Novice: 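Dropping a structure here in structure tokens format, bear with me for questions.
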Amino acid sequence: MSSPVSSSESSSFERLHPEVQQWVWSQGWTSLRDAQEWAVPALVGADRDVIIAASTAAGKTEAAFLPILTNLLNNSEPAGAVLYISPLKALINDQWDRLSRLCERLELPVVAWHGDVAASKKQRFLKSPKGILLITPESLEALFVNRGSSLPEAFQNLRYIVVDELHAFIGSERGKQLQSLMQRVESVVGRALPRVGLSATLGEMSLARKFLRPARADDITVIESKSSGQELQVQVRGYMEQPMQQLVAEYLGHASADDGADKEDTSGTKAAIAGHLYKVLRGHNNLIFPNRRQEVEWFADRLRSLCENDGVPNEFWPHHGSLSKELRQDAERALKAGDPPASAVCTTTLELGIDIGNIRTVAQIGCPPSVASLRQRLGRSGRRPGEPAMLRAYCRERPLTDQSDLSDQLREGLVQTIAMIRLLTTGWFEPPRSGGLHASTLVQQCLSSIAQLGGASVVQLWGSLIASGSFASVTKPDFLALLKGMGEKELIVQDSSGLLLPGELGERLINHYEFYTAFTSDEEFRLLLDGKSLGSLPVSKPLTKGQRIIFGGRRWQVQDVDLEAKVIVVTPARGGEPPQFDGLGAQVDDRVRLEMRNVLMETTSCPFLDKHAQALLEEARSNFRALGLGDAAIIGSASVSHVATWRGDYTNDALALLLMHVGIQCENTGLFLKVAFGGEDTLRALRVVGQMDISDVEPVLENVENMIREKWDWALPRSLLMKTFASSHLDLQAAVNTARLLSLES
DNA sequence: GACCTGCTGCGGCATG
């Protein structure tokens with residue numbers, strides 16, 4: 001038999017099990033891809049941890065599973081099993097299809113296990129725990145809680161743990177949960193299991209290593225596929241909103257903030273953008289990202305009616321997290337089929353790995369949330385060889401008045417978009433914030449471990465959760481304070497022998513299915529003005545009394561924060577017009593802000609802008625010079641100053657807190673710190689902050705009212721809450737360094 | 001005023 005893949009060319013192919021080789025032949029593959037080639041020697045012996053980083057089209061799944069299945073077939077007594085963990089149910093369903101076809105002839109079962117899978121199918125794996133188990137972190141958590149005593153049997157023949165879309169876990173409380181679960185699986189089987197991470201988007205490999213195996217990150221074998229060097233075509237288009245007076249008039253017409261965003265104020269510009277999308281996108285498969293669900297709905301509706309008006313079949317489908325599964329699947333099916341042409345108007349739901357076919361253009365309306373996200377979105381486009389990835393970005397700006405905010409004067413949205421695209425083309429994207437403590441998830445893991453084992457001692461919990469490396473930065477006093485706090489809140493009780501058991505509240509929470517997720521939806525605060533509700537607001541910035549916030553297109557001052565009732569009492573604040581650009585609520589990285597300064601300082605034109613965008617950029621640059629921002633970091637009057645740090649939000653948020661700590665009223669508005677003092681006082685305060693010792697976060701965070709972010713934060717002792725908050729949301733050291741630099745330069 | 005992800009066990013009833 002002559003084979004398309006010959007053993008003389010590939011020693012890796014030769015090492016695959018004959019049945020696996022048969023499958024490769026049956027696919028008609030002429031060779032193994034580079035990642036697949038390298039993965040065989042790394043994985044076939046099941047003796048080390050491996051990260052496979054390769055673009056979506058490079059066959060990562062096969063790279064991992066061809067050698068893994070070879071190992072299972074070569075050593076079939078006792079029959080081995082693989083634990084595959086995925087962040088998405090949809091991805092599990094996709095992979096189940098692929099792996100089932102691969103495993104058909106190998107007589108290895110492939111079992112999908114997530115919330116939509118029937119209990120009877122799950123039983124199949126428990127009765128005969130072999131083959132591949134595809135599972136979510138939450139379902140794995142549920143196994144620990146509900147079947148703790150049967151896990152040693154179910155897991156005893158595990159040979160590998162595979163984590164798909166590794167990047168999606170790094171830096172979040174869900175990622176912490178996953179790390180802890182992997183550790184607990186190994187603890188159940190009594191030995192380390194090879195961990196295999198798969199991803200397309202891993203920037204700094206050291207972070208991915210540290211995530212996959214915190215205690216032995218340096219021993220991990222990394223397989224990085226050569227990038228395709230794909231061509232990128234970009235156009236940024238600028239659009240001008242209607243004059244400001246109309247907005248003000250309309251605002252006064254209806255003061256309630258939560259009914260407003262889609263009135264006539266911006267729809268003229270939006271209609272122009274929709275018209276352009278319709279013209280250039282129809283006839284192909286595309287993805288359109290307007291950043292917000294509400295906007296997704298608006299554009300999907302507008303594009304559909306444009307089709308109807310022209311008497312042509314609709315090609316535009318909405319897709320976001322609030323839509324039913326059925327509606328989302330309609331959009332996914334239309335994209336996958338690709339004929340007739342179909343485009344999705346979507347949120348981040350279509351960023352991750354599920355297979356949606358070949359995409360021609362990615363349209364970004366408004367600023368992308370991050371370079372990493374933009375990169376992920378573009379990874380969906382131009383995936384056929386020789387086809388470029390195409391990005392069309394649409395930026396809206398407002399006419400300037402003498403009341404305009406600095407953000408508008410500097411065309412923040414446009415400039416940030418340009419900066420992000422430039423960084424993207426250099427290959428840079430934001431590293432995940434992997435240093436978060438996520439003490440919230442430690443509370444969950446304590447309760448889960450207690451449920452799994454039917455009670456656990458303090459020493460046991462310390463060993464399996466903290467000494468094991470999952471929550472390595474938690475100190476002994478912190479851990480004891482955490483357990484004490486959990487006792488006070490009736491989450492746990494201690495019996496006479498010292499064993500920790502679920503308390504009354506703990507029992508109730510553990511036995512509800514909500515327990516299995518480590519994350520929760522954003523806490524929303526209601527804004528009250530004179531006892532009347534202005535609407536509700538998910539609060540992502542640290543909040544102190546007296547601080548100013550923007551809501552519903554107006555400025556407010558915080559008078560009181562009630563954490564229990566989730567209410568913020570406000571009064572109107574004076575000041576100019578609030579800016580157009582709201583930064584999406586995403587945290588901007590230091591590097592992006594520095595690049596924004598570069599964009600503003602340069603004088604050469606930018607090749608990928610249309611003429612309107614180019615004119616807006618020229619305007620921003622001339623305002624930048626007129627404001628003196630080329631030379632000075634602090635501008636303003638005797639009573640108000642603006643500090644341009646050109647740093648990201650983790651740094652700026654921290655610097656704002658430090659300035660307030662030394663008595664300077666201050667807020668982080670994104671591009672600037674707005675300070676309620678003149679330049680001289682501000683400079684003096686920066687000098688003080690530049691000399692601060694921030695090794696103890698407690699004094700600095702003393703007055704922050706809203707540090708509760710993650711699911712179990714409410715159960716933490718205040719000192720640990722401060723540490724966990726600072727670790728995930730602030731860059732205090734960078735703030736001190738920035739203050740020192742600014743005070744030296746000025 | 002970003003966005004997204006995920007979820008058990010068991011009783012009761014109908015059906016083959």
Side-chain angles (χ1 to χ4, degrees), chain A residues 85-92 113-120 122-123 135-148 164-165 167-169 172-175 177-178 181 256-262 289-296 319-323 325 328 346-354 364-370 372-374 376-377 413 416 444 448 451 509-527 534-541 549-554 556 568 578 580-588 649 670 711:
Chain A
I85 305 172
S86 154
L88 296 175
K89 290 189 288 192
L91 191 57
I92 287 181
W113 185 311
H114 58 66
D116 299 342
V117 173
S120 56
K122 296 174 180 172
Q123 281 300 329
I135 198 166
T136 59
E138 288 74 19
S139 285
L140 185 54
E141 188 76 66
L143 274 173
F144 275 102
V145 171
N146 299 314
R147 302 173 196 267
D164 208 347
E165 303 282 5
H167 68 278
F169 289 109
S172 70
E173 59 264 56
R174 199 179 186 205
Q177 176 189 32
L178 173 64
L181 289 170
S256 167
D258 47 1
D259 70 348
D262 270 323
F289 290 96
N291 292 339
R292 300 191 234 299
R293 283 176 288 201
Q294 201 181 12
E295 300 271 286
V296 165
H319 193 285
H320 60 74
S322 303
L323 289 177
K325 198 166 79 181
R328 286 206 249 174
C346 57
T347 59
T348 51
T349 40
L350 286 182
E351 252 179 48
L352 267 191
I354 56 171
Q364 172 67 47
I365 301 171
C367 197
S370 64
S373 168
L374 183 60
Q376 193 76 24
R377 290 172 183 188
Q416 189 173 320
Q444 180 209 34
S448 173
L509 294 173
I510 291 168
N511 288 322
H512 190 273
Y513 56 71
E514 269 198 357
F515 178 79
Y516 311 126
T517 50
F519 57 87
T520 179
S521 343
D522 280 351
E523 297 278 14
E524 293 214 328
F525 281 69
R526 274 189 312 134
L527 262 67
L534 292 169
S536 57
L537 167 75
V539 180
S540 61
K541 295 223 178 277
I549 56 176
I550 295 171
F551 182 73
R554 290 196 63 183
W556 310 95
I568 301 172
Q580 151 87 16
F581 182 65
D582 57 21
L584 291 174
Q587 300 290 77
V588 175
D649 287 313
K711 191 172 184 179

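Owing to the predicted nature of the structure, the values given are computational and were not obtained by experimental measurement. For the numbers below, each heavy atom of this structure counts, side chains included, while hydrogens, waters and symmetry mates do not. Chain A is the first sequence line, chain B the second, and so forth, proteins listed ahead of strands; every chain is numbered from 1.
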Novice: Give a yes-or-no answer on whether the side chains of A:T517 and A:K711 include a donor-acceptor pair shorter than 3.5 Å.
Specialist: yes
Novice: Under the side-chain contact (heavy atoms from CB on, under 4.5 Å) rule, collect the residues that match up with A:A142, sequence neighbours excluded.
Specialist: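 Counting only residues at least two positions away or on another chain, A:A142 forms a side-chain contact (heavy atoms from CB on, under 4.5 Å) with A:N146, A:Y516.
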Novice: For A:R328, check side-chain contact (heavy atoms from CB on, under 4.5 Å) against everything at least two apart and list the hits.
Specialist: A:H319, A:L323, A:E332, A:T349
Novice: Scan side-chain atoms only and decide if A:E141 and A:S448 contain a donor-acceptor pair under the 3.5 Å cut-off.
Specialist: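 Looking only at side-chain atoms, A:S448 and A:E141 do form a donor-acceptor pair, the distance falling under 3.5 Å.
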Novice: Where along nucleotides 7-12 of chain B does protein come under 4.0 Å, by heavy atom, of base (B) or sugar-phosphate alone (S), with - for untouched nucleotides?
Specialist: BBS---
Novice: Test of understanding: with salt bridge (Lys or Arg N to Asp or Glu O under 4.0 Å), list the residues that count as partners of A:K122, not counting sequence neighbours.
Specialist: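 Checked A:K122 against salt bridge (Lys or Arg N to Asp or Glu O under 4.0 Å); zero matches.
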Novice: With sequence neighbours excluded, what pairs up with A:E138 under the salt bridge (Lys or Arg N to Asp or Glu O under 4.0 Å) test?
Specialist: A:R174
Novice: Identify all pairs in which a protein N or O lies below 3.5 Å from an N or O of nucleotides 14-16 of chain B, and state each distance.
Specialist:
none

Novice: Would you please confirm or rule out a distance under 4.0 Å between OP1 or OP2 of B:dC4 and any side-chain N or O of A:R292?
Specialist: no
Novice: Please report, rounded to the nearest Å, how far the P atom of B:dC4 is from the CD atom of A:Q177.
Specialist: 20 Å
Novice: How many whole angstroms separate atom NZ of A:K711 from atom P of B:dG6?
Specialist: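 Spelled out: NZ on A:K711 to P on B:dG6 is 14 Å.
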Novice: OP1 or OP2 of B:dC4 versus the side-chain N and O atoms of A:T349: is any pair under 4.0 Å?
Specialist: no
Novice: Is the phosphate of B:dC3 approached by A:R293 (side-chain N or O, under 4.0 Å from OP1 or OP2)?
Specialist: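 Yes, because at least one side-chain N or O of A:R293 sits under 4.0 Å from OP1 or OP2 of B:dC3.
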Novice: Any heavy-atom pair between the side chains of A:W113 and A:L143 that's under 4.5 Å?
Specialist: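 Yes, their side chains come closer than 4.5 Å.
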Novice: Measure CD1/A:I92 against P/B:dG6 and give the value in whole Å, please.
Specialist: 8 Å
